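Reckoned from all heavy atoms, side chains included, excluding hydrogens, waters and symmetry mates. Predicted, not measured: the structure shown is a model, and the values here were computed from it.
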Amino acid sequence: MTATRVLVLNSGSSSVKYQLLDMRDSSRLANGLVERIGEQSSRLKHTPLATGGDSREWTGPIADHDAALKAVAEELAKDGLGLDSPELAAIGHRVVHGGKHFTEPTVIDDAVLAEIERLIPVAPLHNPANLTGIRTATALRPDLPQVAVFDTAFHTTMPEAAARYAIDVETADAHRVRRYGFHGTSHAYVSRATAKLLGKAPEEVNVIVLHLGNGASASAVERGRCVDTSMGLTPLEGLVMGTRSGDTDPAVIFHLARVGEMSIDEIDTLLNKKSGLIGLCGDNDMREIRRRIDEGDERAKLAFDIYIHRLKKYIGAYYAVLGHVDAVAFTAGVGENAAAVREAAVAGLGSLGLAVDDELNAVRGDEPRLISPAGARVAVAVVPTDEELEIATQTYALVEKTN
C-alpha cells in the first residue's frame with residue numbers, strides 16, 4: 001500500500017489547527033482545531049470530511065500540546081484515520097520563521113530543530129509553539145518523516161536590494177536584521193493559482209499578490225519568484241492590518257519612549273496589538289467597519305481610507321518593481337470577501353490598466369475568478385488561498401523525492 005496521506009499541523013502558543021489530506025486527489029479527509037490549550041476550558045472541534053459526518057466538539061482541560069495531539073489522534077482514529085495508519089506518509093508543520101537559509105521545505109532533524117530554535121529571537125511568538133508541535137508529533141510517530149514548511153521560504157528569492165535595510169551592514173548581519181517576509185505559503189499558492197487562472201505557467205506571468213486578513217501583506221512575484229514583499233524582519237512592517245500599524249517612522253518609537261515615557265514592551269504592544277484598524281476606529285472586522293461607514297461614522301471611514309491609501313501605495317510600488325504586471329490577486333479573509341476593499345484599492349488606477357467590473361466584483365464564491373472587465377490590460381482576480389494544501393503539497397513532494 002502506498003502511503004498518500006499528509007497531516008498538516010499549525011501549532012500556535014495555545015492552539016493546534018490540523019488537516020488530513022489525501023494527496024492522490026488533494027481531498028480533505030478531516031480537519032479541526034484545538035484551542036485554549038493549558039486551560040480548564042480547552043476546546044476541540046473535529047470535522048470528519050471523508051465520511052461526511054457531523055462535526056464533533058468537546059470542552060475540557062487539555063494540559064499541553066502533547067495532550068492536544070493525542071486528543072487529535074483519538075478523534076482521527078474514530079474515523080479510521082488514526083496516526084498509526086500505514087497510509088500516513090508524513091506530517092507537515094507550518095514554521096513561521098526559517099531565516100535566510102531555509103529556502104524550501106525541509107525534513108526535520110536535530111540540526112533543523114536547533115536552527116529553528118536559534119531563530120526564536122526574531123519570532124518569539126511563533127517559533128517556540130512551532131517547535132512544541134514538531135517535538136510532540138515526532139514523539140507520537142518517530143518513524144514518520146516530519147517536514148517543516150517555512151512562511152519565509154518563498155521570500156528568500158528577494159534580491160539583496162529588496163531584502164536589506166539601509167543600516168550598518170556589520171550590525172545588521174550580527175543580529176540577523178533583514179527583511180524576511182511572511183505569509184509565504186499563501187503567496188506561493190496564490191501566485192501559481194493566478195497563473196493557472198490566466199491559462200499560463202507561473203514562469204510566464206508577473207503577479208502582485210495581496211493577502212488581506214487580520215494580518216496583511218503584499219508581494220511582487222516575477223515569473224514565479226518573489227522579488228519583494230511588504231513584511232520585513234517581523235510581520236509588523238507594511239500594510240495597515242487588523243491590530244498592527246504597518247509602516248511607521250522608526251522615530252515614533254524613540255518619541256514615545258522619550259516624550260511618552262513608554263517602555264519598549266508597551267510600545268511593542270501598542271504597534272502590534274493596539275494599532276492598525278483597531279487603533280484607528282476600535283474595530284478590526286472589516287464587515288463592522290463597512291457597516292459603520294454606511295451609518296455615517298467618520299472615524300470608521302478614516303480608518304478605511306488609511307487602509308486603502310496604504311494598499312494603493314504598495315500596488316503602485318510593486319507595479320514599478322515589476323515593470324510589467326499581468327495580474328493583481330486578492331486573497332485571505334478580507335481580500336476574498338470584501339468587494340468594497342477590492343473596488344477601492346484599484347479605483348483611479350485605470351492608467352495602469354487596473355479596474356474591476358462591478359457585477360463580477362459583487363459575486364461571492366469559493367473558486368478563483370476574474371473580476372476585471374473583459375479585455376482588461378491587467379487581470380484583477382480573487383483567488384481563495386489554501387495554505388494547508390500548499391504545506392501538504394510541498395511536504396508530500398519532498399517525501400516522494402526523498403524516497
Side-chain angles (χ1 to χ4, degrees), residues 8 10 17 19 21-23 25-33 45 47 49-50 52 54-55 183 185-202 205-219 221 239 242 284-291 293-294 304 307-308 311 315 325-347 349 353-393:
V8 176
N10 182 353
K17 296 178 183 177
Q19 279 200 23
L21 299 94
D22 189 327
M23 301 315 296
D25 56 4
S26 300
S27 61
R28 267 76 169 176
L29 303 177
N31 64 24
L33 167 68
K45 182 177 181 180
T47 304
L49 300 168
D54 294 333
S55 296
H183 294 148
T185 51
S186 177
H187 286 279
Y189 176 85
V190 171
S191 60
R192 286 202 306 273
T194 302
K196 183 178 180 180
L197 183 64
L198 299 180
K200 297 183 177 181
V205 298
N206 291 351
V207 183
I208 296 172
V209 178
L210 304 172
H211 177 108
L212 308 179
N214 193 49
S217 60
S219 67
V221 183
L239 302 174
N284 62 332
D285 187 320
M286 187 58 71
R287 293 165 297 187
E288 182 64 16
I289 291 171
R290 290 302 308 176
R291 184 193 65 77
I293 290 172
D294 291 341
F304 183 82
Y307 181 95
I308 295 298
L311 193 52
I315 293 172
V325 175
D326 296 286
V328 173
F330 291 86
T331 193
V334 175
E336 294 169 27
N337 297 298
V341 168
R342 300 191 295 260
E343 178 184 9
V346 302
L349 301 182
L354 290 165
V356 298
D357 178 285
D358 291 341
E359 289 187 10
L360 294 175
N361 189 36
V363 173
R364 298 176 69 91
D366 297 327
E367 296 298 321
R369 61 195 186 276
L370 294 177
I371 59 171
S372 45
R377 180 154 49 96
V378 178
V380 180
V382 179
V383 181
T385 192
D386 198 331
E387 295 177 82
E388 289 78 15
L389 176 57
E390 180 69 17
I391 292 170
T393 300

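From H187, atom NE2 reaches atom OG1 of T331 across 9.0 Å, with rounding to the nearest 0.5 Å. The NE2 atom of H183 sits 10.0 Å away from atom CG of L212, with the distance rounded to the nearest 0.5 Å. Taking OG1 of T385 as the reference point, atom CD of E336 lies at 7.0 Å (rounded to 0.5 Å). From E343, atom CD reaches atom CG of D357 across 10.5 Å, with rounding to the nearest 0.5 Å.
Remark: the backbone N or O of A188 is paired with a side-chain donor or acceptor of S191 at under 3.5 angstrom. R369 places a side-chain N or O within donor-acceptor distance of the main-chain N or O of V363, the cut-off being under 3.5 Å. R342 places a side-chain N or O within donor-acceptor distance of the main-chain N or O of N361, the cut-off being under 3.5 Å. Side-chain N or O atoms of N206 include none that pairs as donor or acceptor with a backbone N or O of D326 at under 3.5 Å. Of the possible polar contacts, one joining the S372 side chain to the V380 backbone as a donor-acceptor pair under 3.5 Å is found.
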Derivation of the side-chain contact (heavy atoms from CB on, under 4.5 Å) call for L370 and L360: CA-CA 7 Å; L370 294 177; L360 294 175; 5.8 Å; no

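Contact detail for A345 and I315: the closest heavy-atom pair is O-CD1, 3.8 Å. Between V383 and A329, the shortest heavy-atom distance links the atoms CG2-CB, 4.3 Å. Among all heavy-atom pairs drawn from S186 and H211, the shortest one is OG-ND1, 2.8 Å.
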